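All remarks here apply to the structure that follows.
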Amino acid sequence: RVDSLSGPAVLPSECVDVRWTQRLLKRVQYRRLREDAVYNWRFLWREAPEQIAQGHVRQLVVTVHVPDGTPAGLFQGNLILSAQGKDLASLPVRLRVPGFGLATPEKRAGSYYRGRGKTDDQIRREMADIREHGGSVVIWHASIHYHKEKDGSITYDTDAIRDAVELQRGERIGPPFIIGTHPLTLARMLGIKVAMTPECAAEIAGSVEFRQAYAGALKALADLETEMGAGEFMYAWMDEVFGRGRYEVWEAIARLTREFSDNRIYITFHNRKQEMVDKIAPWVDLRCYHGHTLDSWQAEGHAWQELAGELAKDGDEAWNYYNIREIAVTSEWVRLCNGYWLWQSPISAHVPWTYYHFGGSAFDDLDSDTHDFAYAAPHPDKPEMVSTLEWECFREGYDDLRYLATLEQSLTAARKRAPRHKAVAAAGAVLAGCRDAAPQVPAMAEKLSARDYAQRRVEIANAIEALGKIGQN
């Protein structure tokens with residue numbers, strides 16, 4: 001426990017979260033068999049373990065929630081280990097609260113999300129948790145539903161989309177809102193035998209009945225978007241279309257979507273084959289790149305400037321999903337993806353798969369054939385979320401991004417007031433020092449130590465405070 005932290009004010013114990021890290025078996029890679037598993041530190045529990053055997057190691061994560069309006073300065077206290085009402089040991093805790101607020105970066109974080117089968121209360125709790133960890137956008141794919149009436153006409157149900165958008169914006173998530181248009185469901189309903197073939201693509205494109213029904217669906221979505229006034233609806237209908245024969249069918253629907261709607265189109269890119277990228281460019285507006293693919297692409301000798309130029313030429317935006325698909329993707333990698341890596345890249349948002357998805361219990365990766373993905377998971381007995389080391393580093397990375405954005409904004413303002421001031425030059429050097437020559441996630445993780453992250457944070461905070469003092473007596 002941490003009783004309180006004392007300094008210019010008192011931060012009570014209610015502001016301090018102490019959680020115990022649970023070590024569990026996890027598959028080394030998401031497609032591997034149960035037998036190919038190793039122990040991995042992951043879930044963070046407020047409940048203390050019943051006992052810790054002598055000579056054993058347990059990790060602790062201490063999170064301090066600093067209330068708005070807390071005065072700047074140094075706060076100190078003790079982390080106390082006790083058992084059976086007796087204090088056994090303690091460690092000093094020191095927290096520096098800086099004298100400035102953090103900016104909201106233009107770049108964003110979030111995650112893929114599944115809302116099906118959940119109560120509204122559970123969704124609100126999970127949206128609040130995503131927001132608390134820096135998320136401001138999710139890829140939910142709430143979709144339109146089609147009904148074929150007795151007379152053969154098609155009607156549209158947008159209630160699931162309305163509910164999803166309301167639940168997101170209730171916790172300040174979105175816009176944009178990624179909306180599923182479900183064209184293949186509509187095609188099947190109209191008697192088209194759906195297959196990932198050029199022939200099926202041609203049949204969809206040439207069907208007058210499909211065209212009319214799909215145009216009606218997009219109009220229903222446009223009407224809902226206008227009525228709700230929540231912000232942009234962005235359309236999606238298939239995933240990772242550069243393989244398994246999917247592209248021709250996807251493009252046929254993209255052409256119709258362009259014809260009947262001005263809304264932007266979203267798609268995931270799971271490779272960087274340039275001929276495919278060039279082929280899809282006229283039909284896509286937001287590209288969500290597989291993060292591991294971008295690492296491989298850079299390893300081939302490509303640079304961020306090349307991708308930035310391509311996006312500018314095509315008028316597209318790029319997001320990224322860097323999945324925790326294997327043990328090698330550590331919590332440090334997650335921090336980098338939201339922070340220094342995202343900051344240096346032309347990517348505007350990091351939205352990994354997925355907030356959680358598991359078979360059986362979230363806390364046992366070996367109890368089903370489904371590999372468990374989880375940044376957080378519902379507590380088995382309480383209406384709260386159980387976090388992970390990856391999820392806490394997700395927030396820490398977004399905070400890195402906030403510190404960088406604050407320094408950039410402070411530096412821009414200071415250069416206008418006093419361009420030759422020594423604090424301006426020093427702050428510029430700090431910012432330049434945060435750029436990595438090889439901005440690939442594995443390379444950055446190999447280079448940076450825990451001390452480096454802490455030192456960067458201190459240097460950035462000192463530079464911001466020094467810039468704020470320019471012109472003061």
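Nothing here was measured: the structure is a model prediction, and the numbers come from that model.
Shown here for Leu60 and Leu79, the closest heavy-atom pair between the two residues is CD1-CD2, 4.1 Å. When all heavy atoms of Val165 and Phe233 are compared, the closest pair comes out as CG2-CE1, 4.0 Å. Summarising the geometry of Ala318 relative to Leu311, their closest heavy-atom pair is CB-CD1, 3.7 Å, with the distance given to 0.1 Å. Considering every non-hydrogen atom in both His350 and Cys337, the closest pair reads CE1-CB, 3.5 Å. Val137 approaches Pro176 most closely through the heavy-atom pair CG2-O, 3.9 Å. Of all heavy-atom pairs between Tyr453 and Glu332, the closest is OH-OE2, 2.8 Å.
In this structure, the side chains of Arg58 and Trp41 come closer than 4.5 Å at one or more pairs of heavy atoms. For the pair Glu392/Ser331, no side-chain contact is recorded, criterion being any heavy-atom separation below 4.5 Å from C-beta on. At least one side-chain heavy atom of Cys434 sits under 4.5 Å from a side-chain heavy atom of Leu404. Val334 places a side-chain heavy atom less than 4.5 Å from the side chain of Ile324.
Comment: Asp365 does not engage Arg34 in a salt bridge, judged by the lack of any side-chain N to carboxylate O separation of less than 4.0 angstrom. Ion pairing of Glu390 with Lys26 is absent here, as no side-chain N (NZ or NE/NH1/NH2) approaches a carboxylate O to less than 4.0 Å. Between Arg246 and Glu240, no side-chain nitrogen of the basic residue sits less than 4.0 Å from a carboxylate oxygen of the acidic one, so the salt-bridge criterion is not met. A salt bridge does not link Glu326 to Arg27: none of the charged side-chain nitrogens sits closer than 4.0 Å to a carboxylate oxygen. Taking 4.0 Å as the cut-off between side-chain N and carboxylate O, Arg46 and Glu384 count as a salt-bridged pair. Electrostatic pairing of Arg287 and Glu310 counts as a salt bridge here, judged by a charged N lying under 4.0 Å from a carboxylate O. The pair Arg264-Glu232 counts as a salt bridge, with a side-chain nitrogen and a carboxylate oxygen less than 4.0 angstrom apart. In summary, Glu227 and Arg162 engage in a salt bridge, as defined by a charged side-chain N under 4.0 Å from a carboxylate O. Of the charged side-chain nitrogens involved, none lies within less than 4.0 Å of a carboxylate oxygen, so that Asp399 and Arg457 do not count as a salt-bridged pair.
Here salt bridge (Lys or Arg N to Asp or Glu O under 4.0 Å) pairs that include residues 85-95, with residues two or more places apart or in two chains, are Arg1-Asp87. Within the structure, the salt bridge (Lys or Arg N to Asp or Glu O under 4.0 Å) test picks out the following pairs touching residues 440-453 (sequence neighbours left out): Asp436-Lys447. Counting only residues at least two apart or in different chains, side chain to side chain donor-acceptor pair (under 3.5 Å) contacts with residues 171-181 comprise Thr181-Tyr214.
In this structure, CD in Glu35 is found 8.5 Å from CG in Leu366, a value given to the nearest 0.5 Å. Annotation: the span from Gln409 atom CD to Thr104 atom OG1 amounts to 8.5 Å, rounded to 0.5 Å. One distance of note links CG of Leu286 with CD1 of Ile267; it measures 10.5 Å at 0.5 Å rounding. Note: Trp237 CH2 to Leu186 CG = 13.5 Å, rounded to the nearest 0.5 Å. For the atom pair Thr293 OG1 and Phe269 CZ, the distance stands at 11.5 Å (nearest 0.5 Å).
Shown here are the side-chain hydrogen bond (donor to acceptor under 3.5 Å, both in side chains) partners of Ser6, two or more places apart in sequence or in another chain: there are none. In this structure, the ring pair (Phe, Tyr, Trp, His ring centres under 6.0 Å) partners of Tyr375, at least two apart in sequence or on a different chain, are Trp391, Phe394. Thr268 meets the side-chain hydrogen bond (donor to acceptor under 3.5 Å, both in side chains) test with Asp239; sequence neighbours excluded. For His290, the ring pair (Phe, Tyr, Trp, His ring centres under 6.0 Å) partners are His292, Tyr321, not counting sequence neighbours. Not a single salt bridge (Lys or Arg N to Asp or Glu O under 4.0 Å) links Asp295 to another residue, sequence neighbours left out. Residues meeting the ring pair (Phe, Tyr, Trp, His ring centres under 6.0 Å) test with Trp297, sequence neighbours left out: His302. By the salt bridge (Lys or Arg N to Asp or Glu O under 4.0 Å) test, Asp157 pairs with no residue at all, sequence neighbours left out. Listed by chain and residue number, Phe373 satisfy the ring pair (Phe, Tyr, Trp, His ring centres under 6.0 Å) test with Tyr30 (two or more places apart in sequence, or in another chain).
With hydrogens and angles disregarded, no donor-acceptor distance shorter than 3.5 Å links the side chain of Asn338 to the backbone of Glu396. With Arg42 contributing its side chain and Ala374 its backbone, the two residues share a donor-acceptor pair below 3.5 Å. Here the side chain of Lys107 pairs a donor or acceptor atom with the backbone of Ile347 at under 3.5 angstrom. Formation of a donor-acceptor pair under 3.5 Å by the Thr158 side chain with backbone atoms of Ile161 is not found in this model. Asn323 contributes a side-chain N or O that, together with a main-chain N or O of Trp353, makes up a donor-acceptor pair within less than 3.5 Å. Using a distance-only test at 3.5 Å, with no hydrogens or angles considered, a donor-acceptor pair links the side chain of Ser143 to the main chain of His141. Not one N or O on the side chain of Gln168 forms a donor-acceptor pair closer than 3.5 Å with the backbone of Ile173. A donor-acceptor pair is defined here as one N or O able to donate and one able to accept, closer than 3.5 Å; no such pair exists between the side chain of Asn40 and the backbone of Leu24. Judged purely by atom type and a 3.5 angstrom limit, His56 has no side-chain atom pairing as donor or acceptor with the backbone of Ile52.
For the pair Lys118 and Tyr113, the cation-pi test (distance below 6.0 Å, angle within 45°) is passed. A cation-pi contact, defined as under 6.0 Å to the ring centre and within 45° of the axis, is absent between Arg108 and Trp319. Taking the ring centre of Tyr340 as origin, the terminal cationic atom of Arg456 falls inside the region bounded by 6.0 Å and 45° from the ring axis.
Remark: the Ser261 side chain and the Asn263 side chain contain an N/O donor-acceptor pair separated by less than 3.5 Å. Under 3.5 Å, the side chains of His357 and Arg114 contain a donor-acceptor pair of N or O atoms.
Ring to ring, Trp341 and Trp304 are close: their centroids are under 6.0 angstrom apart. Aromatic rings from Tyr356 and Phe358 are positioned such that their centres are separated by under 6.0 Å. Note: Trp45 and His379 meet the aromatic proximity criterion, with ring centroids under 6.0 Å apart. Under the 6.0 Å cut-off for aromatic ring centres, Tyr112 and Tyr355 do not qualify, their centroids lying 6.0 Å or more apart.
Between Phe242 and Tyr247, the ring-plane angle classifies as tilted under the 30° and 60° cut-offs.
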Exercise answer: donor-acceptor pairs, residues 64-74 side-chain atoms, under 3.5 Å, sequence neighbours excluded:
unit_1, atom_1, unit_2, atom_2, d
Thr70, OG1, Pro67, O, 2.7

